[in-house]
Amino acid sequence: MRTSQMLIPTLRDDPGEAETVSHRLMLRAGMIRKVAAGVYTYLPLGLRVLRKVEGIVREEMNRAGAQELLMPIASPAELWRETGRWDFYGKELFRFKDRHERDFCLGPTHEEVITDLIRREVRSYRQLPLNCYQIQTKFRDEIRPRFGLMRGREFIMKDAYSFDKDEEGAKLSYQKMYDAYQRIFARCGLTFRAVEADTGLIGGSSSHEFMVLAETGEETIVYADGGTYAANVERAEVLPPAEASTEPLRPLRKVATPGARTVAEVCAFLNVSPQQLVKTLLYKTPKEIVAVLIRGDHEANEVKLKKLLGVTDLELADPETVAKTTGAPVGFAGPIGLKNVRILADQSVAVMRNLVAGGNEANHHYVDANKDRDFAGVQVADLRNALVGDVSPRGDGRLKIAKGIEVGHVFMLGTKYSKAMGSAFLDPQGQERLAVMGCYGIGVSRTAAAAIEQNHDAKGIIWPVPIAPFHVHLLPLSQSDAVQKQAKILYDQLGQAGIEVLWDDRDERAGVKFNDADLIGAPLHLVIGEKGLAQGQVELKARRTGTVTKLPPAEVPVTVKTRLSDKDPATGS
RNA sequence: CGGGGCGUAGCGCAGCCCGGUAGCGCGCCUGCUUUGGGAGCAGGAUGUCGGAGGUUCAAAUCCUCUCGCCCCGACCA
């Protein structure tokens, strides 16, 4: 393609609206433009990258035995009412009415639609297993869209749904997808990690998220430094403490702690460490108010808490509720004397002795409090976030923490949807059985953004070869006949060799072309200059390393092919 | 939804406090020169100052309402 014939509106300055690297660079490189919050137009360059990612996804899905279909973006409320998700999904579901006042939504995911199809069309075990996927625009009315394509309200997703006749088959389908995902993200040139994950709104029995490792990631993951365990921190299990305190119990005292509300303030005032302190968090669920005891230096894990309580709605209680429940303002809640409230404690709290806790009275705390002696009826569970240095729950070392971008998520669904919607088939015995399902998502547009987060420098994007919008950026530096002719020859030769070339045929200065090329980030830059050409040489530059190779034009096609092959470190593929 | 901030030329911003009829840099157009890392000179075009209402002789500037966007948090395959 010739630059002069493509819409590639690069920007010199960083747009004010973008903070994140990928968002900024995609805008500056002329790949995307915003239409509304979280809604973007993909310009030709951006679309080419999406198509590359889609191509890899499609190949690997097909290879794994899945078949492509395409479902509608709009779906009727009735289907969503069958599974209860019309109410359950909440505000994130983009809803609208047609002219007959019938409720519809824009699909955020398609379990209902696919299950509706399969229950109609699949009646025999002979038709199973089945795995159908689509690559499609999805809509989620995110509370806060951000970071460009990273968290849009409209985005492109590959979603696959497997149907099996039994649990065993479903596990196999799941494993196939898991393996396919490994290949997909590896082929995209990403550094990533599969981690155990929570199943959230989709539901099901177990799941793994595929995380692209990046500082800017919105997810926190933990992994064992000595083995294979890795999990989203939402999900990561924490082992019970290895040893309990053996300190002799001291008598309980109530002391004045004027104005000391936060852990830091109380610790400073009483001259104790956060490890000796217990914070009492009051949570509100639709059913009840619960008090949660967490050690001062730990963080409560609301996902674990929700699971334990069997609720999906959970929030910290407002100050009035706290006051009404504890008889004290926020900052002085404690387990001692707390009435009419279920009390939960994290495992680490259960082994503490002589702890400090709120006094349920303004400006007072208890010192040397002890479970069972001073407060009882406490349910102990794993309720905190895992921390750096915790022992891995699989015993393979200690935990470390990293940030990740969730680009894929595989779920074992079981019969949640087939049961709700009656997707059944007849087994060889003529018995009716429910399909066992799995679902598997990949954020295609997010993957493109994640690739930039992981592959860039101060000058711009550095595309991994397999998803680069172009392989070679051809930069003739002069409008002279000799240079232009040589450019045309190389452009044609490379094109015939199946290499995608972006030819900067603009009458711009060298600096402008170099800077745009660095910004756009094709893996190889082919520079044709007047002087070099007079000596029979052109230059091939690796975007990632900046390494320049001078070579005669005749050698370009072969050299480029070699460089683009995935073994060459200079292109970083 | 809570907190913070921003809407002025295609992009980045100043002007607003203290009202007097809009400016800077980059980009864009024309010409000449230049031509290996965002050229120089000369000339030129471009704004419902997010929108509506109000105050005033006069509003980008003050007041009210409203819409949009960004950041932090809560939330989320």
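Values below: every heavy atom of this structure, side chains too, minus hydrogens, waters and symmetry copies.
Salt bridge annotation for A:R146-A:E218: present, with a cationic side-chain nitrogen under 4.0 angstrom from a carboxylate oxygen. With respect to the salt-bridge test (charged N to carboxylate O, under 4.0 angstrom), the residues A:E111 and A:K416 do not qualify.
When both pairing distances are held under 3.5 Å, B:A59 makes no Watson-Crick or G-U pair with any nucleotide shown. The partner of B:C69 is B:G5, by the rule that a Watson-Crick or G-U pair needs both atom distances under 3.5 Å. Across all strands shown, B:G25 is found opposite B:C11 as a Watson-Crick or G-U wobble partner, with both distances under 3.5 Å. The partner of B:U30 is B:A42, judged by Watson-Crick or G-U wobble contacts that both fall below 3.5 Å.
A:A18 comes within 4.0 angstrom of nothing in the nucleic acid, heavy atoms only. No engagement by A:K91 is indicated, since no non-hydrogen atom pair under 4.0 Å with the nucleic acid exists. Nucleic acid contact for A:E302: sugar-phosphate only, since backbone atoms but no base atoms lie under 4.0 Å from a heavy atom of the residue. Residue A:K306 is in sugar-phosphate contact alone, with no base atom involved, counting any heavy-atom pair closer than 4.0 Å across all strands shown.
Looking at A:Y417 and A:T83, their side chains never bring a donor and an acceptor atom within 3.5 Å of each other. Side-chain contact of A:K541 with A:T547: a donor-acceptor pair under 3.5 Å is absent, judged by distance alone. A:Q136 and A:D159 share no donor-acceptor pair across their side chains, judged by distance under 3.5 Å alone.
Across the protein-nucleic acid pair, A:L93 atom CG and B:C76 atom C1' stand 13 Å apart, rounded to whole Å. Taking atom CZ on A:R235 and atom C1' on B:C76, their separation rounds to 18 Å, with Å as the unit. Spacing between atom CD of A:E17 and atom C1' of B:G68 amounts to 12 Å, rounded to whole angstrom units. When the C1' atom of B:C72 is taken as reference, atom CD of A:E218 falls 12 Å away, rounded to whole Å. As rounded to whole Å, 12 Å separates atom C1' of B:C69 from atom CZ of A:R144. Rounded to whole angstrom, the span from the CZ atom of A:F88 across to the C1' atom of B:C76 amounts to 12 Å. Rounded to whole Å, atom P of B:A74 lies 13 Å from atom CG of A:N301. Rounded to an integer number of Å, the gap from A:D14 CG to B:C70 P is 16 Å.
Nucleotides B:A42 and B:U34 place their C1' atoms 15 Å apart, quoted to the nearest Å. Spacing between B:G12 and B:A58 at atom P, rounded to whole Å, works out to 34 Å. B:G68 and B:G27 have their P atoms separated by 35 Å, given to the nearest Å. Between B:G20 and B:G25, the two P atoms lie 22 Å apart (nearest whole Å). Separating the C1' atom of B:C49 from that of B:G38 is a span of 30 Å, rounded to the nearest Å.
Looking at residues two or more places apart in sequence or on another chain, you find a side-chain hydrogen bond (donor to acceptor under 3.5 Å, both in side chains) between A:T10 and A:D516.
For A:S207 (side chain) and A:A197 (main-chain N/O), a donor-acceptor pair under 3.5 Å exists by modelled atom type. Judged purely by atom type and a 3.5 angstrom limit, A:E60 has no side-chain atom pairing as donor or acceptor with the backbone of A:I56.
In this structure, A:R151 and A:F147 both approach RNA chain B, and ranking their closest nucleotides by distance from the 5' end singles out A:F147. The 5' end of RNA chain B is approached more closely, in terms of each residue's nearest nucleotide, by A:P15 than by the other of A:P145 and A:P15.
Between A:R146 and B:G73 there is a side-chain N or O to OP1 or OP2 distance below 4.0 Å.
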**OP:** Produce a footprint string for nucleotides 28-43 of chain B: one letter per nucleotide, 5' end first; B if the base is under 4.0 Å from any protein heavy atom, S if only the sugar-phosphate is, - if neither.
**Re:** ------B-BBBB----
